[in-house]
Amino acid sequence: MWTRQIGKLVKRELLNETRQQYAVFGIILFVVSTIFIARFSFKAVKEIPTWNALFWIIMLFAAVTGIARSFAQESRGKLLYLYTVADPRALLVAKMIYNNILLVALGLAGIAIYGFLIGFPAQNVGLYILAVVLGCSALASGFTMISAIASKGGNNFALMAILGFPVLLPVLMAGIRLSKFAADGLTGDGAWQYAGLLIALNVAVSALAYLLFPYLWRD
Amino acid sequence: MKKLALLVILLISFTGTAFSQSSMDEEIFKTLRGNASMNVVIVVAMLILAGIFFYLFRLDRKLSKLEQEVNEGKKS
Amino acid sequence: MLRNWWKFLGVLLLAYSIYAGLATPLAPGIISAKSSATYTSDSTFTVTVFGYNTRFQTEQSGLQAWLMNNDKPVCATRVEVIDETHAILHFPPVAPIKDPLFTLKMHSAGDGLLVMENAIWTADTVTAGLTQVCQPKVASEDQNYHAYPFRYILYESIRNLFLHVPMWFAMIALLSWSLYNNFKYLRGFNINYDHRAHESVKVALVFGMLGLITGSLWARSTWGAWWVDDTKLNGTAITMLSYLAYLVLRNSIEDEQKRARVSAIYSIFAYVMMLVLIGLLPRLNDSLHPGNGGNPAFSNYDLDNTMRPVFYAAVLGWIIVGIWISGIRYRMRKLKEAHT
């Protein structure tokens with residue numbers, strides 16, 4: 001019952017997206033143009049830490065732009081209707097799953113474009129991609145909850161950034177560190193520690209969101 | 001309030017020059033780093049006290065305003 | 001009177017910590033030692049010693065000095081005392097066994113054992129071995145005085161432990177108090193708990209600011225920079241940012257109950273992330289602060305038995321004062337709401 005509900009809601013999100021394609025294209029355009037700006041201003045990024053951090057900063061802003069609409073795009077009436085026909089928590093889980101898919105895909109596309117235009121000096125490609133997947137997934141879960149919170153308070157892009165950046169900084173830092181390990185070609189306990197931390201943060205953020213959402217959705 | 005801010009800035013700029021050397025020679029130790037780094041303890045203690053008292057004064061002013069409001073409310 | 005016992009306790013604890021924190025002297029130590037010779041193996045040489053809080057003159061009769069290289073001591077032939085803090089040590093010619101660095105040790109009954117690691121450097125490449133090995137007579141290495149440990153670089157600023165560190169403890173305690181009130185609010189939707197949570201966050205931010213400013217000053221004098229790239233420092237700064245965001249969020253919602261609910265949820269998030277930032281990330285990373293990345297923790301040797309009670313008193317005292325101020329703010333707010 002529950003899984004079916006969630007499945008239907010995820011499908012609804014995907015349908016919504018295909019119907020208004022400009023939204024997804026907008027984010028992709030955002031990522032591509034930011035990477036182009038980076039290319040024009042840096043030419044080539046030689047230092048690996050800078051190269052790595054720049055990618056994550058681009059992803060962070062892409063996450064904010066992509067997920068900010070998550071709760072805001074729905075009209076109040078539509079949300080109310082959804083809450084009556086489905087469990088509010090199911091809606092949150094569906095949005096989280098959808099945003100995870102969106103951001104992980106965006107991250108993979110982003111690293112491909114970034115590597116193509118700026119260069120890909122990372123030594124351990126597999127681990128780097130794992131870092132991108134884990135980091136983007138954790139960012140997606142966190143920003144889904146933040147967008148739910150921000151939609152209650154005026155819901156502008158600035159509020160989303162103000163609320164999200166400091167709170168999701170541990171996620172970003174763990175992502176940067178893990179991908180730094182991958183870029184340097186190091187796979188030791190250190191790298192796995194950060195991978196574990198990213199997964200733990202993802203689980204913790206999702207669990208918190210799941211537990212607290214019942215207090216949030218009512219108006 | 002402006003005066004207090006000025007004082008804090010002065011204090012900080014003073015310590016900035018005071019601790020600009022980290023050589024451990026006896027003379028430098030005695031003069032610039034100031035009493036075996038005791039200066040920094042005193043400045044830190046002063047800053048904490050100044051900060052807390054500044055905050056309490058602000059709170060006090062807020063309370064006075066509130067009292068005024070309450071009294072006016074009673075009259076009308 | 002009795003109802004306010006904890007406020008008196010706070011005042012007493014703070015008074016004690018400030019008094020004991022400033023009045024207890026620093027243990028004696030050697031600040032600088034200058035050798036008269038670049039090559040120590042061809043002739044006798046002298047070492048001029050500058051001590052801090054030492055009593056060379058008073059302890060002149062039992063004062064010994066020796067250099068250590070590779071665990072082998074070489075005693076001074078004569079200790080010439082100038083005053084309480086200055087002495088000139090006369091040494092016979094010595095060639096090092098292995099590395100060209102000597103550790104200087106001095107001992108007297110009153111001052112105990114004074115150690116300066118790598119005090120003297122010699123240009124000698126001869127490693128023939130020490131010629132003048134002696135046996136210094138140290139009855140007991142215990143320092144039988146009540147003083148704070150003498151640490152290089154820190155010196156007297158070790159006292160900042162009672163001033164700077166409690167600011168952070170007070171901030172975290174107030175944020176925890178706020179979290180507790182947030183939970184209480186979410187259980188019964190009583191708006192009073194939300195007000196309490198809000199006011200304690202405001203006071204916590206004041207303590208955070210004070211901790212940041214004092215920490216910056218202390219860092220300037222010990223580490224040489226106003227802001228060091230340290231995980232713990234950055235973590236607390238970001239925690240403060242997230243609680244500032246909490247205040248922004250509160251401002252953007254009109255309805256009281258809705259504001260209370262949404263901000264309570266956000267602050268629970270912020271608190272959990274603070275635990276990760278301050279508690280977990282520094283452990284995975286190098287930090288200049290004690291207890292992280294190989295630095296000694298307060299618990300083992302930096303915080304010795306002389307400092308511990310004073311430190312705990314300061315922490316508890318500031319926490320009580322913080323809760324007290326937030327209580328006053330809360331009462332003011334209630335009063336304001338009752339009259340408008």
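Note on naming: letters A, B, ... go to the chains in the order of the sequence lines (proteins, then strands), and numbering restarts at 1 for each one.
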Which atoms of A:Leu211 approach chain C - backbone, side chain, both or neither, heavy atom under 4.5 Å: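 Neither; nothing under 4.5 Å.
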Contacts of type salt bridge (Lys or Arg N to Asp or Glu O under 4.0 Å), residue A:Arg12, not counting sequence neighbours: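 Partners of A:Arg12 under the salt bridge (Lys or Arg N to Asp or Glu O under 4.0 Å) test: A:Glu74.
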Neighbours of chain A found in residues 176-191 of chain C - heavy atoms under 4.5 Å: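 Heavy-atom contacts from residues 176-191 of chain C to chain A are C:Leu186, C:Phe189.
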Positions in residues 247-268 of chain C that reach chain A, provided some heavy atom is under 4.5 Å away: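 Expected list: C:Val248, C:Leu249, C:Ser252, C:Ile253, C:Lys258, C:Arg261, C:Val262, C:Ile265, C:Tyr266, C:Ile268.
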Which heavy atom of [X] sits nearest to which heavy atom of [Y], and what is that distance?
{"X": "C:Met273", "Y": "A:Val167", "result": "CG-O, 3.0 Å"}
{"X": "C:Ile238", "Y": "A:Pro166", "result": "CG2-O, 3.5 Å"}
{"X": "C:Ala245", "Y": "A:Leu163", "result": "O-CD2, 3.7 Å"}

Among the listed options A:Ile162, A:Ile149, A:Ile146, the residue most often paired with chain C at heavy-atom distances under 4.5 Å: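 Most heavy-atom pairs under 4.5 Å with chain C: A:Ile149.
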Mark yes when over 12 heavy atoms from residues, nucleotides or ligands other than [X] sit less than 6.0 Å from its [atom1]; otherwise mark no.
{"X": "A:Lys8", "atom1": "NZ", "answer": "no"}
{"X": "C:Trp6", "atom1": "CH2", "answer": "yes"}
{"X": "C:Tyr330", "atom1": "OH", "answer": "yes"}
{"X": "A:Phe61", "atom1": "CZ", "answer": "no"}

Contacts of type side-chain contact (heavy atoms from CB on, under 4.5 Å), residue C:Leu275, not counting sequence neighbours: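 Partners of C:Leu275 by the side-chain contact (heavy atoms from CB on, under 4.5 Å) criterion, ordered by chain and then number, come out as C:Tyr271.
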